[in-house]
There are 2 protein chains.
Amino acid sequence: MDHGGCGLAAALGLAAVSMRAIGAEVGLTPMALYGYFASKDDLLDWLVGRVLREVPRPDPGAPWQERLAESARGARTVAHRYPRTFPLLLSRPVVLAEAMRVVDPLYGALMEAGVPGGRVAAWERMFSTFVLGFAVSEVSGRFGEGNLGTRERRERLEPGELPAHDRLGEVLDLPVDWTAEFEEGLARLLAMIKEEGRRAG
Amino acid sequence: MDHGGCGLAAALGLAAVSMRAIGAEVGLTPMALYGYFASKDDLLDWLVGRVLREVPRPDPGAPWQERLAESARGARTVAHRYPRTFPLLLSRPVVLAEAMRVVDPLYGALMEAGVPGGRVAAWERMFSTFVLGFAVSEVSGRFGEGNLGTRERRERLEPGELPAHDRLGEVLDLPVDWTAEFEEGLARLLAMIKEEGRRAG
DNA sequence: ACCTGAACACCGTTCAAGT
DNA sequence: ACCTGAACACCGTTCAAGT
């Protein structure tokens, strides 16, 4: 199976939609897709691989902090570009060749930071879990699209049932700068990694 | 709509399956479910709410670190109990009453830790993103079920394409203690929160 | 008030048939 | 070698009908 044959790049944005819709998108009968993929799951794996290929490889000459940060920012950008496809990453094991190609520079950066070899994989999982979790929460709606309206919803509950919400008050309804919040979390993780490297080094 | 009427607790484990299957599970025609829920999405929201109700409320008398840790451990336990339903949390806005009831004690703990009011929500998102991201990665397969086999898969790529993997070698194929790794991440987050509270005075 | 059964417009997938 | 069309066993949902 060649996979590259049909102009399936057009379907990158969708995913999780039907074989019939994907087929229509590339001007093919849905059944023709089975010439390239064994199943819908196979097609979805390939789609996820294509999305991963758009995560930029960090410049090997840059310091390790920048390499980790660039990779994280790149992944978040890709999530916004393919909000339907990107969340599939959380439910697919990281065995695709494309996933390993994204992870490898992270391993390299963590080693350069001084993280001991036996702990590199754990740190990569912590780092990627933050990046993926944050990006998926953004694009698939957990963070809400502007958390406006939490106040109204709060009023439906009995007063006093959410004491901390009540104490915080209107500060909860302020708009959020998601990019700034992502950068903050990123900076904190990088500081933790640096500290881990210093301790071990 | 009463929702509680039918014995729908039996369906807690499934979710993401069909209305027909859920109906069969509770001994009802699928169409009868529309007497309780306006749509499948509605039913899924209710199911997520029920799952959230099983996340234990932390003991208000405990120190704030323990309250955050207990809530996080409880959420992870619930994820393992309902691996099919739990991942829905990442794609649903946190507006369900049950979600706010889980979040409220976290807000309270963060305030007691000394986090300034304007930053409490951001820290709660960072904390919950780690907990949800980790738990969902575990139960929906991103971490792989035992990462055995990465070596074989690596050999399919050209040698030298994954230099960091090559340098780390067999340490990548060791079994992982997920609970210990979760606890480590948790401890690090709590340390960061403590530091944030200390800085703010 | 609560449930059923048939029906509608969809799914993923198989398979025999076309060129 | 590559694609099609009909068909199968499913979906969520509507609606008229039953008790």
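As a basis for the values below, the full set of heavy atoms in this structure was taken, side chains included, without hydrogen atoms, waters or symmetry mates. Keep in mind that this is a model prediction, so the values were computed, not measured. So you know, we letter chains A, B, ... as the sequences are listed, proteins then strands, and number each from 1.
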Non-hydrogen atoms of [X] and [Y] that approach each other most closely:
| X | Y | answer |
| --- | --- | --- |
| A/Thr129 | B/Phe130 | CG2-O, 4.1 Å |
| B/Leu110 | B/Glu124 | CD1-N, 3.6 Å |
| A/Pro105 | A/Arg57 | CG-NH2, 3.5 Å |

**Asked** For nucleotides 8-19 of chain C, read 5' to 3', which letter fits each nucleotide if B means a protein heavy atom sits under 4.0 Å from the base, S means only the sugar-phosphate is that close, and - means neither?
**Response** ---BBBB-----
**Message:** In terms of relative ring orientation, are A/Trp178 and A/Phe134 parallel, tilted or perpendicular, with 30° and 60° separating the classes?
**Reply:** perpendicular
Mind checking who [N] pairs with, Watson-Crick or G-U wobble, both distances under 3.5 Å?
| N | answer |
| --- | --- |
| C/dA17 | none |
| C/dC3 | none |
| C/dC11 | none |

**Prompt:** Distance under 6.0 Å and angle within 45° of the ring axis: does B/Arg73 meet both against B/Phe182?
**Reply:** no
**Asked** Counting just side-chain N and O atoms, does B/Tyr36 come under 4.0 Å of either OP1 or OP2 of C/dC2?
**Response** no
**Request:** Report the residues that fulfil ring-ring contact (aromatic ring centres under 6.0 Å, His included) with B/Phe127, sequence neighbours left out, ordered by chain and then residue number.
**Result:** none
